[in-house]
Amino acid sequence: MKHSSFNLNEQNLKTESRIVVALERISEAFRVLLWNESKENSLSPIQIQILIFIHFHSLEKCKVGYLADEFNMTKATISDSIRVLLAKELVTKKTDPIDTRSFSLLLTDKGKKIAKKASFFASSIEQPIEKLTEEQKTIMLNGLLKLIYDLNKSGIITIQRMCFTCSFYNAENGIHYCDLLKTKLAESEIRVDCPEYEMIT
């Protein structure tokens, strides 16, 4: 039987297992911080995440289907959350002029205020990272990006707007290059979420 990362006898023999458990601890910190933010605004964690996402992403990404893929949830679950956000007047609908059944979501002034404040919910996690050396940050970033890329390839994580899965990205002999920016990218410049991202077709 395959070993469990949470079995202490096995965990302490494998670096990979200790990394998994460390990531799980960090994910718990995110859950607690997000839950605290949602309680403060009488919203659910996913409703807070939707508001933050809409605040920072383009209109074409702020549709029910895209949000469902983004957060690995069903359209019905996302629609339920959006109904609450509409009722609380935190978002409004913008109907697609070509397809009137389709709509994008926009933040109201009230929604923008909550989203702006809520977007700092993870700042207490960023603070200890700031204390690392630039080399440590780059190693950590690249390790996490490779992990996200592999999880995306295996179907565990869906939408990713990172360099490694972008049509503008090229790599040769360990050199990263962006065809859109027409420039080399340092390891520390590889993006996790790029506004100019185009999926490889």
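Keep in mind the model is a prediction, meaning the values are calculated, not measured.
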Item to complete: Flag yes if Leu106 and Tyr66 sit in one hydrophobic cluster, no otherwise; membership is Ile, Leu, Val, Met, Phe, Trp, Tyr, and two members link when side-chain heavy atoms are under 4.5 Å apart.
Response: no
Fill in: Salt bridge present between Lys61 and Glu70 (N-O < 4.0 angstrom)
no
Fill in: Short side-chain donor-acceptor distance under 3.5 Å, His55 and Ser119
no
Worksheet item: Rounded to the nearest 0.5 Å, how far does CZ of Phe30 lie from CZ of Phe121?
Response: 6.0 Å
Worksheet item: Just wondering, do Ile19 and Leu147 contact through their side chains at under 4.5 Å, heavy atoms?
Response: no
Worksheet entry | Test: Lys184 and Glu189 ion pair at under 4.0 Å | no
Practice prompt. Would you mind reporting whether Leu85 and Leu43 have side-chain heavy atoms less than 4.5 Å apart?
Written response: yes
Worksheet entry | Heavy-atom closest pair, residues Pro45 and Trp35 | CG-CE3, 3.3 Å
Discussion item. How close do Phe6 and Gln11 get, counting heavy atoms only, and between which atoms?
Written reply: CA-NE2, 4.0 Å
Worksheet entry | side-chain contact (heavy atoms from CB on, under 4.5 Å) partners of Val20, counting only residues at least two apart | Ser5
Worksheet item: Do Met140 and Val21 share a hydrophobic cluster, counting only Ile, Leu, Val, Met, Phe, Trp and Tyr and linking them when any side-chain heavy atoms are less than 4.5 Å apart?
Response: no
Practice prompt. Mind checking the OG-CD spacing from Ser44 to Gln49? Nearest 0.5 Å is all I need.
Written response: 8.5 Å
Worksheet item: Given Glu16 and His3, is the side-chain contact (heavy atoms from CB on, under 4.5 Å) satisfied, shown in steps?
Response: CA-CA 11 Å; Glu16 295 92 331; His3 82 279; over 6 Å; no
Worksheet item: Just by distance, do the side chain of Arg18 and the backbone of Asn12 share a donor-acceptor pair under 3.5 Å?
Response: yes
Discussion item. Any side-chain to backbone donor/acceptor pair from Glu10 onto Ser4? Under 3.5 Å, distance only.
Written reply: yes
Worksheet item: Is Glu37 close to Lys117 at the side-chain level, that is, under 4.5 Å between some pair of heavy atoms?
Response: yes
Worksheet item: From Leu132 CG over to Leu141 CG, what is the distance, rounded to the nearest 0.5 angstrom?
Response: 12.0 Å
Fill in: Taking every non-hydrogen atom, the tightest pair across Leu33 and Ser124
CD1-OG, 3.5 Å
Worksheet item: Does one hydrophobic cluster hold both Ile54 and Leu59, with members joined at side-chain heavy-atom distances below 4.5 Å?
Response: no
Under 3.5 Å, which donor-acceptor pairs do the side chains of residues 88-95 form with other protein atoms, sequence neighbours left out?
none

Worksheet item: Rounded to the nearest 0.5 Å, how far does CD1 of Ile190 lie from SG of Cys178?
Response: 9.0 Å
Item to complete: Verify the neighbour count for atom NZ of Lys113: are there more than 12 heavy atoms of other residues, nucleotides or ligands below 6.0 Å?
Response: no
Practice prompt. Answer yes if the side chains of Ser58 and Glu60 hold a donor-acceptor pair under 3.5 Å, and no otherwise.
Written response: yes
Worksheet entry | Heavy-atom donor-acceptor pair, Asn142 side chain to Thr138 backbone, under 3.5 Å | yes
Worksheet, complete the sentence: dist Ile78:CD1 -> Leu105:CG (nearest 0.5 Å) comes out at 10.0 Å
Discussion item. Applying a strict under-4.5 Å side-chain criterion to I, L, V, M, F, W and Y, I'd like to know whether Phe164 and Phe168 cluster together.
Written reply: no
Worksheet item: So Leu144 and Leu23, side-chain contact (heavy atoms from CB on, under 4.5 Å) or not? Walk me through it.
Response: CA-CA 10 Å; Leu144 291 170; Leu23 289 170; 4.0 Å; yes
Worksheet, complete the sentence: Rounded to the nearest 0.5 Å, the CG atom of Asn72 sits from the OG1 atom of Thr77 at a distance of 11.5 Å
Worksheet item: Angle class for the Phe53/Phe71 ring planes (parallel below 30°, perpendicular above 60°, tilted otherwise)?
Response: perpendicular
Worksheet item: Which heavy-atom pair separates Leu180 from Glu196 by the least distance, and what is that distance?
Response: CD2-CB, 3.3 Å
Discussion item. If you count heavy atoms of other groups shown closer than 6.0 angstrom to CZ of Phe120, is the number above 12?
Written reply: no
Worksheet item: Charged N to carboxylate O below 4.0 Å: is that the case for Glu28 and Arg25?
Response: no
Fill in: Minimal non-hydrogen separation, Ile48 against Ala118, with atom names
CG2-CB, 3.9 Å
Worksheet item: Under a 4.5 Å cut-off applied to non-hydrogen side-chain atoms, are Leu51 and Asn41 in contact?
Response: no
Discussion item. Tell me whether Met73 shares a hydrophobic cluster with Leu67, the cluster being built from Ile, Leu, Val, Met, Phe, Trp, Tyr side chains joined at under 4.5 Å.
Written reply: yes
Fill in: More than 12 heavy atoms from other groups under 6.0 Å of CD on Glu135
no
